[in-house]
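Structure first, commentary second.
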Amino acid sequence: MKKYLPSEIEAKWQKKWVEDSLYRVDFSSAKPKKYILVEFAYPSGDLHMGHWFTFVAGDIYARFCRMLGCEVFLPNGFDAFGLPAENAAITRHIHPKDWTYDNIRRMKQQFETMGVSIDWDKTAVTADAGYYRWNQWIFLKMYEKGIAYRGKAMANWCPKDATVLADENIEDGKCWRCGTEVVKKEVEQWFLKLTAYADRLIWSDPSQADWPKPLRAAQNDWIGKSEGMEIEFRVKSKQSLRSNDLQESRVKVYTVFPETIFGVTYMVLAPEHKLISEIITKEQKSQVDDYIKASQKKSELERKIEEREKTGVFTGAYCINPVNGKKVPIWIADYVISSYGTGAVMGVPGSDHRDFDFAKKYDLEAIRVIGKTPDDQSPVESASDVLEFGWIVNSPQFNGLKTPNPAREKIKDWLTEKGFGQRKTQYHLHDWSISRQRYWGTPIPMIHCDKCGIVPVPEKDLPVELPYEVDYTPQGKPPLATAEEWVNVKCPKCSGPAKRDTETMDGFVDNSWYFYRYLDEYNEKEIFDKKIVKDWLPLEIYIGGAEHTVGHTLYSRFFTKFFHDLGLIDFDEYAKKRVHHGVILGPDGSRMSKSRGNVVNPDEEVKSYGADAIRLYLMFLGPFDIVAPWNPDGVNGAYHFLQRVWGLQDKVTQSVIPAEAGIHINIDSGSKAGMTNVDLRLMHKTIKKVTEDIEQLKFNTAIAALMEWLNHLSRKEKVAREEYKTFLSLLAPFAPHITEELWSLLVTRNSTQNETSSNEQRETSNEQRWSIHQQSWPVFDNKYLEEGEILIPVQINGKVRNILKLKSDILSNRSVVEKMAIEDEKIKKFLEGKSVKKIVYIPNKIISFVVGNN
RNA sequence: GCCGCGGUGGUGGAAUGGUAUACACGUUGGACUUAAAAUCCAAUGGCCUUACGGUCGUGUGGGUUCGACUCCCACUCGCGGCACCA
């Protein structure tokens, strides 16, 4: 027997698999179709353990499905646009495109070393013009439908660079590039109207249980639907700046607690609220201005301060509570968010903790409108007096009603009827701002014409290609604006001089729909072939990171719903099942990072142990979504297991009966040569366990079952061929190289020794199926699982006192079993001098005595 | 604060309400070896016991049950996400 040398066999088989196109998918196959998707990678240049963890799992599942007789599509591509490419370009003077495509080449090679059965013939690289032209096409469609629109939003703005900054590009409230203090500024950007899909994006419970519950909960929270009311208050502002006359305006508040309307003692506006300039009084002006200025800065500088104390300033103006005509002061405070609801809030210190804190600080009145009992009249003096639920009090015709209901609905009806307000549904979800002042992204296919305004690029002119020559380090304008030849175009409408939009799209646009394009990468006529997509989507399973819970996976769902509305597809969710992978930490237990120096490089581990050992180790570590440190000893353990598997080949019986000489695994061929009942039972038990576990992605226990079986096989003198073949087949998805090698050794040996004419034909018909990965998955038979003797524990008052070995044919006979238990020597001892009050016998499981003294 | 997930040996973890700790790592002892590595065999939750065996034991306290890691209630600690959303 040769030594197990992973470095030799792994490269050999990887090459052979590619040569034989073993994993190429046939889209028109009649077999059951399974599209297995693993999140594609950003081409950072190096494959890390995270990629291994995820792709190995996808690969195991894919190989398993193939052996079950399915046509499997396991593609991969690259999420190739993004900031790191631009940063590398700036620091290392390599063009982002060259940097990216070099990395892709290198990472493709690294992927090969994993032994993953990816079909590389069908891929998608988002930085290819052939890909991103469809980003542009989708954008134009969205524009046409009013889903993409130009709007204004507050953004982080660097006044020196004249650019919008992402949150992560702000350090200490200052621009990461030039150190200028960042301000909030209202900037025009392109938006996708995510909110138009808010309701459809909400997970309505039991239907989609194959998406993780935490994800569904988080997405629903993120969407944050609430059903409340908008209530209008009249504003009295005698001494407003604009006029000395009595001025009247109106301000709307949004609340989900309309039942507390009689407890309003003040009103608060967000510092950005438009009405402020209108209602502010002369006396208060300077104070208010100072406050607004301070709060603009504060949102950046003091974001991380844990307990933000509430602050505010009085405007000098008052408004009238419509339900009781009460005059209440209008304040400004930054605890009110301008972008949510109406940017104005009614202050109810008696029933809201935040309002109470604010009222306490500024000495505003707190009225009890919700009581502990229907006649509670206790004052609201401390935080513990604030009640959100209870009974309505001090609210004339509603007193005594229970909250939230029926009080809330009754008051809503009444407010609506009186015309004081109307029902309103609010979402926390915002529309998606996709404009980026960056170079390495999809150009937005819009043209700005002085005469015609914003004009979409005609579909026939797509793609709007990214120009290669630009200055991607400009200050004060987006990089694309420096490519003048590219920027200056004719207006498609009036043919006059016009300029291209110089911003690019958020990378999350690119990856919201890549799995559609995998199916039809080279299609230049349409975004994808509807027939192929109909046949292959939704995804069987989508494996990826939990960090994409409210980003990527939500956006993809949005795109899918949009595609549905365009009539491109007839499904509404793109994946039947979503699974989150685990995270491998450094050996020190903290996140792997270059700066910590705790990065485990997969390439080096492959050199020492081989890909199979790493695959096995990663999957054996624990449940698939585990977060655990890399343990060098653990890899060694996996390697050890493979060596024992390798050593098993010498125990395999050489004599083969003719009927079994083919390489098909057929458990029922009557070839149990050399196998005892115990052997058979364990084999079938293991097939069952491994099959069921892989189906549920419980790889760790599947591997444990194989280990148990190996322990059994290792103790035997000889291992039957049937056992060995079955073992290799079950292990094949996990460790594809070593099993392929051992399989080939077995088949070679077999064919030289046992060639018969009847088998020859079988061999020929299997010529295209030389690989273990093309074999059929072993099938278990329940008849082998039955055991002749079963262990039945005997409990006395809940404690196991003995374990009886009983013949299975008596197990259904209650009285016989009970008698055997009572007569058992050990049990007798425990029952002595006690009275048996009850005997519980659960057939095939346990027998339980309840005894008392005397 | 809110939402979600979790707490089991020295470690990673396993257990449809039915023998808690499968499997692996580590450790200890043994075999092989001049020696080491590798490999193989055995032991391995705590406490008491020479042993047979007993007893305690799945974060804490209670409950349901013949029987609870598993179900229910309360608490506690840890992790993840959201976080002044009215």
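Residue numbering restarts at 1 for every chain, and letters A, B, ... go by the order of the sequence lines.
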For this session: Write down the distance between CZ (A:Phe641) and P (B:G12), rounded to a whole number of angstrom.
Result: 22 Å
Problem set entry | Separation of the C1' atoms in B:C69 and B:A14, to the nearest angstrom | 11 Å
For this session: Take atom CD of A:Glu547 and atom P of B:C82, then tell me their distance rounded to the nearest Å.
Result: 12 Å
Seminar exercise, completed: Heavy-atom contacts, protein to nucleotides 18-32 of chain B, under 4.0 Å, summarised as B (base), S (sugar-phosphate only) or - (none) per nt, yield BBS-BBSSS------
Exercise. Which base, if any, makes a Watson-Crick or G-U wobble pair with B:U64, both distances under 3.5 Å?
Worked result: none
Exercise. Can you name the residues that form a ring-ring contact (aromatic ring centres under 6.0 Å, His included) with A:Tyr609, not counting sequence neighbours?
Worked result: A:Tyr639
Problem set entry | N/O (side chain, A:Arg216) to phosphate O (OP1/OP2, B:C5) under 4.0 Å | no
Problem set entry | Integer-rounded Å distance: B:C40 P and A:Asp650 CG | 14 Å
Exercise. From A:Phe780 CZ over to A:Met683 CE, what is the distance, rounded to the nearest 0.5 angstrom?
Worked result: 12.5 Å
Exercise. Of all residues at least two apart in sequence or in a different chain, which pass the side-chain hydrogen bond (donor to acceptor under 3.5 Å, both in side chains) check with A:Arg801?
Worked result: none
Problem set entry | Pairing residues for A:Tyr841 by the ring-ring contact (aromatic ring centres under 6.0 Å, His included) criterion, not counting sequence neighbours | none
Exercise. With A:Ser556, which residues qualify under side-chain contact (heavy atoms from CB on, under 4.5 Å), at least two apart?
Worked result: A:Ser512, A:Phe515, A:His552, A:Tyr574
Problem set entry | Value in whole Å for how far the P atom of B:U11 lies from CG of A:Asp588 | 18 Å
Problem set entry | Pairing nucleotide - B:C79, Watson-Crick or G-U, each distance under 3.5 Å | B:G4
Problem set entry | Nearest-nucleotide pick for A:Asp221, side chain only, options being B:G54, B:C5, B:C3 | B:C3
Problem set entry | Nearest to side-chain heavy atoms of A:Ile337, which nucleotide of B:A86, B:G54, B:C5 | B:A86
For this session: Answer yes or no: is there a donor N or O on one side and an acceptor on the other, between the side chain of A:Tyr617 and the main chain of A:Trp630, under 3.5 Å?
Result: no
Seminar exercise, completed: Across all chains, not counting sequence neighbours, the side-chain hydrogen bond (donor to acceptor under 3.5 Å, both in side chains) partners of A:Tyr266 are A:Tyr335
For this session: Have a look at A:Lys689 and say if it touches a base, only the backbone sugar-phosphate, or nothing, with a 4.0 Å heavy-atom cut-off.
Result: nothing
Seminar exercise, completed: Separation of B:G53 atom P from A:Glu825 atom CD, nearest Å, is 14 Å
Exercise. Looking across every strand, which nucleic acid part, if any, lies under 4.0 Å from A:Gln426 by heavy atom: base, sugar-phosphate, or nothing?
Worked result: nothing
Exercise. With both distances kept under 3.5 Å, what pairs with B:C84, Watson-Crick or G-U wobble?
Worked result: none
Exercise. Less than 3.5 Å between a donor and an acceptor, one on the side chain of A:Lys838 and one on the base of B:C66, is that the case here?
Worked result: no
Exercise. Using purine N1 to pyrimidine N3 plus N6-O4 or O6-N4 for Watson-Crick, or N1-O2 and O6-N3 for G-U wobble, both under 3.5 Å, which nucleotide pairs with B:C25?
Worked result: B:G10
Exercise. Which one, B:C5, B:C84, B:C82, comes nearest to the side chain of A:Pro214?
Worked result: B:C5
Exercise. With both distances kept under 3.5 Å, what pairs with B:C47, Watson-Crick or G-U wobble?
Worked result: B:G54
Exercise. Using purine N1 to pyrimidine N3 plus N6-O4 or O6-N4 for Watson-Crick, or N1-O2 and O6-N3 for G-U wobble, both under 3.5 Å, which nucleotide pairs with B:U39?
Worked result: B:A31
Problem set entry | Selection from B:C84, B:A86, B:G4 that lies nearest to any side-chain heavy atom of A:Ala217 | B:G4
